[in-house]
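Some notes on the structure that comes next.
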Amino acid sequence: MLNVFARARVNRVTDPIGRWLVGRGVSPDLVTVIGTVGAVAAALWFLPRGELIVGPFVITALVLLDLLDGAMARARGHGTPFGAVLDATCDRLADGALFAALAWWCLAAADQAAAGAAALVCLVAGQIVSYIKARAEAEGLSADGGLVERAERLIVALFGTFLEGVGVPYALTVALSLLAAASVWTVGQRMVAVYRSARAAAEPASGAGGVR
């Protein structure tokens, strides 16, 4: 959803920064790795320790570096196949660390079983949402869209974490529960999209067979 409505505005902010970094010889892949290592380290350091106010701010700042590698690729006029795979892999690592750290805090420190279970559902469903798209595209099919993609998952999870940190009752449980339900729904949406794409791809072949 945010990819549709916010991408152009975000690009207007990130593209000048991307051009500036490229002009100074910085590699997009280096920015990807730095942002991912920092986000993973911050998630695993702050969240299990219950630092739910500063943690979301640090993680958000590091995750936002992920926007710059795309801007840098546009500034260079092209991306690379390796860069695309690296970016997708790093996204999965950062997302996994975030939800694993939240589950760790909920289950081991805060005794919030419902929130911990929801965090685990978010972790698994988020990985599946991304995998469906990648696997579909490898087969020449389409699996775009869905109720919650990566940006929405991060925003809801980090905002719910911050609200929990400032003392809003049940904020994290509500945020993660809603996000878990929406993520499972998105898995279904993407499977439906793949099914429709596969049927559309098969129809011309079926029609051609009938003519013969």
Shortest non-hydrogen contact from Ala43 toward Ala101 = O-CB, 3.3 Å
CD of Glu51 to CZ of Phe57: how many Å apart, nearest 0.5 Å?
-> 14.0 Å
Is Leu68 close to Leu65 at the side-chain level, that is, under 4.5 Å between some pair of heavy atoms?
-> yes
Ile59 vs Phe46, side chain to side chain contact (heavy atoms under 4.5 Å, CB included): CA-CA, chis, key distance, verdict = CA-CA 9 Å; Ile59 295 166; Phe46 288 110; 5.5 Å; no
When clusters are formed by joining ILVMFWY residues with side-chain heavy atoms under 4.5 Å apart, either directly or through shared neighbours, do Trp45 and Val37 land in the same one?
-> no
Would you mind reporting whether Phe99 and Leu120 have side-chain heavy atoms less than 4.5 Å apart?
-> no
Report the C-alpha distance between Leu163 and Leu172 in whole Å, list the side-chain angles of each, state the deciding distance to 0.1 Å, and finish with yes or no for side chain to side chain contact (heavy atoms under 4.5 Å, CB included).
-> CA-CA 7 Å; Leu163 292 179; Leu172 189 57; over 6 Å; no
Residues Arg92, Tyr131; criterion side chain to side chain contact (heavy atoms under 4.5 Å, CB included); working and verdict | CA-CA 10 Å; Arg92 305 291 79 75; Tyr131 176 78; over 6 Å; no
Inter-residue atom distance Phe159.CZ - Leu179.CG, 0.5 Å rounding | 14.0 Å
Roughly how far, to the nearest 0.5 Å, is CG of Leu178 from OG1 of Thr173?
-> 10.5 Å
Same apolar cluster (I L V M F W Y, side chains within < 4.5 Å links), Val168/Ile53 | yes
Donor-acceptor under 3.5 Å (Gln189 side chain, Leu147 main chain) = yes
Can Leu93 be reached from Val33 by stepping across I, L, V, M, F, W or Y side chains whose heavy atoms are under 4.5 Å apart?
-> no
Is there side-chain contact between Val194 and Arg199, with at least one heavy-atom pair below 4.5 Å?
-> no
Distance-only, no hydrogens or angles: does the Glu152 side chain make a donor-acceptor pair with backbone N or O of Glu149 under 3.5 Å?
-> yes
Could you tell me whether the side chain of Asp15 reaches within less than 4.5 Å of the side chain of Arg19, counting heavy atoms only?
-> yes
Rounded to the nearest 0.5 Å, how far does CD of Gln112 lie from CG of Leu102?
-> 10.5 Å
Say whether Leu176 and Leu123 are linked into one hydrophobic cluster, either directly or through other cluster members, by side-chain heavy-atom distances under 4.5 angstrom.
-> yes
Interatomic spacing from CD in Gln127 to CG in Asp91 - rounded to 0.5 Å = 10.0 Å
Which atom names give the shortest non-hydrogen contact between Thr60 and Pro56, and what distance separates them?
-> OG1-O, 2.7 Å
Is it possible for you to say whether Val156 and Leu52 belong to one hydrophobic cluster, with membership spreading through side-chain heavy-atom contacts below 4.5 Å?
-> yes
Heavy-atom donor-acceptor pair, Ser197 side chain to Ser142 backbone, under 3.5 Å = yes
Nearest atoms (heavy-atom pairs only) where Thr36 meets Ala94 | CG2-N, 4.5 Å
Contact check, side chains of Cys122 and Arg153, non-hydrogen atoms, under 4.5 Å = no
Correct closest heavy-atom pair for Ala201 and Leu141 would be CB-CD2, 4.3 Å
When every non-hydrogen atom of Thr80 is compared with those of Gly83, the smallest separation belongs to OG1-N, 2.9 Å
Under 4.5 Å between any side-chain heavy atoms of Glu164 and Trp105, yes or no?
-> yes
Minimum heavy-atom distance between Ala125 and Ser183, given as atom pair plus value | CB-CB, 3.6 Å
Would you confirm whether Arg190, through its side chain, and Ala143, through its main-chain N or O, come within 3.5 Å as a donor-acceptor pair?
-> yes
Side chains of Met72 and Thr14: closer than 4.5 Å at any heavy-atom pair?
-> no
With Val129 as partner, the option from Asp95, Val184, Val148, Val187 fulfilling side-chain contact (heavy atoms from CB on, under 4.5 Å) is Val187
Within-4.5 Å side-chain heavy-atom neighbours: Leu98 and Leu47 | yes
